[in-house]
Amino acid sequence: MEAIDYIVAQIDGDYAHLQRVDQPDGERKLVARALLPEDIAEGCRLHYEMFEYSLV
């Protein structure tokens with residue numbers, strides 16, 4: 001499985017809008033906050049690998 005880095009572009013209630021670091025003009029990914037680390041904030045960088053998100 002491919003490892004991907006994201007930036008938390010926006011937090012909207014129970015969801016976060018993630019932007020791929022390598023595709024800044026690409027479409028954002030909407031992810032439930034329950035799947036993300038508790039300490040996220042807008043502007044944080046996340047690493048996704050093996051179906052798991054972690055703070056970088």
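For the pair S54 and P37, the tightest heavy-atom approach, listed with the atom from each and the gap, is CA-CG, 4.1 Å. For the residue pair I40 and A16, the shortest heavy atom distance occurs at CD1-CB, 4.3 Å.
Annotation: salt bridge (charged side-chain N to carboxylate O under 4.0 Å, His left out) contacts involving residues 38-56, sequence neighbours excluded, comprise D5-R45. Applying the ring pair (Phe, Tyr, Trp, His ring centres under 6.0 Å) test to pairs two or more places apart or on separate chains, none has a residue in residues 1-27.
Within the 4.5 Å cutoff, side-chain heavy atoms of R33 are placed close to those of I11. Side chains of Q19 and K29 form no contact here, defined as non-hydrogen atoms less than 4.5 Å apart. Looking at Y53 and L18, their side chains come closer than 4.5 Å, going by heavy atoms from C-beta outward.
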Quiz item: Stepwise, does the side chain to side chain contact (heavy atoms under 4.5 Å, CB included) test hold for V56 with L46?
Solution: CA-CA 6 Å; V56 176; L46 297 173; 5.8 Å; no
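In the hydrophobic clustering (ILVMFWY side chains linked at under 4.5 Å, chained through shared members), I7 is joined by V21.
In this structure, the separation between CG on L36 and CG on L55 is 9.0 Å, given to the nearest 0.5 Å. One distance of note links CG of L35 with CG of D14; it measures 11.0 Å at 0.5 Å rounding.
Annotation: side chain to side chain donor-acceptor pair (under 3.5 Å) contacts of Y48 (sequence neighbours excluded): none. Not counting sequence neighbours, the partners of R20 by the side chain to side chain donor-acceptor pair (under 3.5 Å) test are D22.
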